[in-house]
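In what follows, a single structure is set out as structure tokens and then discussed.
Residue numbers begin at 1 in each chain, while the letters A, B, ... track the order of the sequences. The analysis underlying the following values was restricted to heavy atoms, covering all of them including side chains, and did not include hydrogens, waters or symmetry mates.
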Amino acid sequence: MKYDFTKIENKWQEKWETEKPFAALNDSDKEKYYVLIEFPYPSGDGLHVGHARPFTAMDVVARKRRMENYNVLYPMGFDAFGLPAENYAIVNKIHPAVITSERIKLFTRQLKRLGYSFDWDRCVDTTDPDYYKWTQWIFLKFFEKDLAYKALIPVNWCTSCHCVLANEEVVDGVCERCGSEVVRREKSQWMLRITKYAQRLIDDLDDVDYVERVKIQQRNWVGRSDGAEIHFKTTTGDEINVFTTRQDTLYGATYMVISPEHALLQKWDVENLEEIQAYQLASSKKSDFERTELVKEKTGVEVKGVRAINPVTNKEIPIFISDYVLATYGTGAIMAVPGHDARDWEFAKKFGLPIIEVVSGGDVKKEAYTDCETGTMVNSPLIDGLTVGEAKEKISNWLVEQKLGEEKINYKLRDWVFSRQRYWGEPIPIVHCDTCGFVAIPESELPLILPDIENYQTTETGESPLAALTDWINTTCPKCNGPAQRETDTMPQWAGSSWYYLRYADPKNNNALASKEALDYWTPVDWYNGGMEHTTLHLLYSRFWHKFLYDIGVVNTSEPYAKRTSQGMILGEDGQKMSKSRGNVLNPDDIIAEYGADTLRLYIMFIGDFEKTAPWSQTSVKGCKRFLDRVWNLTIANLGNNDAISPEASLDDASFSSEHETAVHRTIKKVGSDIENLKFNTAIASLMSLVNDFYNKAPNRADIKALLMLLSPFAPHISEELWELQRFDGCASEQEWPKYDESKTVDSNVVIAVQVMGKLRSTINVPLDSTDETVIDAATSDEKIARYIEGKEIMRKIVVKNKLINLIVK
RNA sequence: GCCGCUGUGGUGGAAUAGGUAGACACAAGGGACUUAAAAUCCCUCGGGAGCAAUCCUGUGCCGGUUCAAGUCCGGCCAGCGGUACCA
């Protein structure tokens, strides 16, 4: 009998399709377990082998959890709004909804061919009005709680997409999606007050099980810094606030730098206006990226005619504008302490400004002394002799007493620009009325359907294509019934993906985003796996939305995801990132056709450390196919009555063969713990070893049964087929996950390494848990060891139980 | 620049808590089977010396700690990812 993987895989996939054995139940007595992967954007290229890595890994986990008797929810959906579909629509004049629906069908078919145990009845699509109704509903709640607001802000403007990007979406000065130049422009935008949640987004990381690098990255992104805001008076009688984390160095503040965009510059009557304006113009043309790229050379212009007054020395100090001070962080102004800040030091050197040492320990003539752990304050009458820490506290108190400032916590995190001037997104359910201002549309009018249009091109002014629909725009104000205009901006793609995991709990609900019972039962997600690239955008955004929904009583957990892990990227065979332009993209369909889905699943798990990047190798795929062939042939060969146990008796749990007992127990232990620790590659390696053992010495039916159960999460089709051929009861996937006996995972004898002076010279075989004396005797009487210790004195004997002995001789 | 991660055979990668480096595979070479090929099965496989037993050497580089370092510490170098000159 040949391993006909195509036939077998079709057979089982059809069975799963009709019998739905992987459906999650909302009314189960079992304990729930919610496994989540990031839902894909249904791109025109179809499924990519890279998708298979996290999907397969979590499928393995989901299948194992079911065998551990959990009620498992492992859903799939589509994050289907977004630019590529819209750009395709512009070129081909096809409605994005049509393209999207086609692509979702393609993805679904491809995903089903991989044999994933998704509960397909819960599939969600963010572009479905029944879905985005609730995305809009959440937005209205944000608006109601004053967490959504419109503001005129400098934004990143993509010159090609004609749309605004969040700071987070600008990569290396260009648009993350289209790669075009991004310039700065002022625009009125809908914003979400994520900053209000900054502290909670940091604090609550303590309560979740995320891989450490994700936590670190999120903490750094939110970026709390503790310092003080200090009020500096100017010679014009104005006040400039600066934020500093080094209030202790106030005596060393010898000049001030404000951002070129600072509001006071318009008010002041500066002497060198032309020079200032030229600098402002130059920096406005620079993107943030270019401003930050100018690491080496500091530029700036002194604002002549106005000086600031250092509040502690009462000395006048010059004010500069420089683009290394950004308007968007802190107060847009800094006090410069060249003695103790590297950037300020460079700037001071270039402009010949005084550098005063206020913390001793370094040499400020040579470089800025920035150490704040060990220094002692000097040249600072109020705080001389204090440590930096003490000085910070004393200065802060002094500032408060003198009403010159206060302690302040600043976050790097900024509010989220939520508007997009694009068509293919959720319409923002707000109208603008001349008398009432911005007014929410009533909940009863949700979903606010995205209207059909003829032209998907963004308007020249950069407004959304919806701005051309006069009939749609003009409406009445829900408050005063007067004339009003609809908002024409749409939401970013992040909106739909910020809460999709909640919809899976109850995806067909028309009265709520999901029923309270379903949400209470399924949240939080027990294990969420996704890409590192989503750590600071999607993951942080959805944590923010979830916290908000918690605050308004929709969900009853403050965090959406109990555990977060991340997979590494799959590179092309050339070691480069897979991309259409490089021509190194692999389509899973081709691999399935040639080797089968089980081989693909096995290979993508065996490819290497799950958390690290790994290059694809077509030849290595064959190795996994070979392994499955070996499993097939072995099991078929053992179908007959060639073992001691009769077929009837062995249908029940029989004991493992004595030759393989230890190996089977060990493999059960290893595969189980490896899956939990994302070590899928070594789990498979141990299964390979077991099969090698079985080739050396024929297994009995119980041995085979264990093998098939352990293999089934990785290669479910072949496992089920062989299970059936073996006439075992039910399905492999319905079995209870095999248990192991710890005492049977160890041999009665162990091989111990014998080192002399730390070098391996021999090995000895002794009973497990032998005493040190026994091991020493065996080692010293070993013939290979004799020549190393002959005529020498053994000074020390280091014995590591069941592992090693090291003899130190002289 | 800053932050994070990673450097192990020809290749992908193994190596609980510092304890036999290279598991498991891929590729390559040799052999068996075959008219032949494929498939399958068996053997070899970090480098150097040696007929061999065996010895030396070896986890990016330089030091250190230790009886013992891929693993810990200090200092470098390279690659990848993130990035906001964040005061």
Taking distance alone, no hydrogens or angles, what donor-acceptor pairs closer than 3.5 Å link side-chain atoms of residues 687-697 of chain A to residues at least two apart or in another chain?
from, atom 1, to, atom 2, distance (Å)
Ser689(A), OG, Ala685(A), O, 3.3
Asn692(A), OD1, Arg630(A), NH2, 2.8
Tyr695(A), OH, Arg630(A), O, 2.9
Asn696(A), ND2, Asn692(A), O, 3.4

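- Using a 90° window around 0 for the glycosidic torsion, A53(B) falls outside it and is classed as anti.
- For the pair Thr195(A) (side chain) and Ala198(A) (backbone), a donor-acceptor distance under 3.5 Å is absent.
- Residues Phe5(A) and Tyr595(A) place their aromatic rings such that the two centres sit no closer than 6.0 Å.
- Surrounding NZ of Lys797(A) are at most 12 heavy atoms belonging to other residues, nucleotides or ligands under 6.0 Å away.
- When ring centroids are compared, Phe347(A) and Tyr255(A) come within the 6.0 Å threshold.
- Rounded to a whole angstrom, the distance from the C1' atom of G4(B) to that of C55(B) is 44 Å.
- Leu540(A) has its CG atom 14 Å from the C1' atom of G82(B), to the nearest Å.
- Note: Tyr541(A) and Trp416(A) have parallel aromatic rings, judged against thresholds of 30 and 60 degrees for the angle between ring planes.
- Separating the CD atom of Gln567(A) from the C1' atom of U6(B) is a distance of 17 Å, rounded to the nearest angstrom.
- Set against C56(B), A87(B), C26(B), the side chain of Arg761(A) has C56(B) as its closest nucleotide.
- Listed by first residue number, the stems of RNA chain B with at least three Watson-Crick or G-U pairs below 3.5 Å are B:1-7 with B:77-83, B:10-12 with B:24-26, B:28-32 with B:40-44, B:46-49 with B:54-57, B:60-64 with B:72-76.
- Nucleotide A84(B) holds its P atom 17 Å from the CG atom of Asn410(A), rounded to whole Å.
- As rounded to the nearest Å, U59(B) and G22(B) have P atoms that lie 14 Å from one another.
- Straight-line distance from the CZ atom of Arg213(A) to the C1' atom of U83(B): 17 Å, rounded to whole Å.
- Using a 4.0 Å heavy-atom distance criterion, Arg219(A) is classed as making no nucleic acid contact.
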What string of B, S and - do you get for nucleotides 10-23 of chain B 5' to 3' if you count protein non-hydrogen atoms under 4.0 Å? --BSS----BB--B
For Lys784(A) and Asp782(A), what are the C-alpha separation, side-chain angles and deciding distance, and is it a salt bridge (charged side-chain N to carboxylate O under 4.0 Å, His left out)? CA-CA 6 Å; Lys784(A) 284 184 193 163; Asp782(A) 184 84; over 6 Å; no
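- Taking a cutoff of 4.0 Å between a charged side-chain nitrogen and a carboxylate oxygen, Glu38(A) and Arg53(A) do not qualify as a salt bridge.
- Checked by atom type and distance alone, the side chain of Gln218(A) pairs as donor or acceptor with a backbone atom of Thr535(A) at under 3.5 Å.
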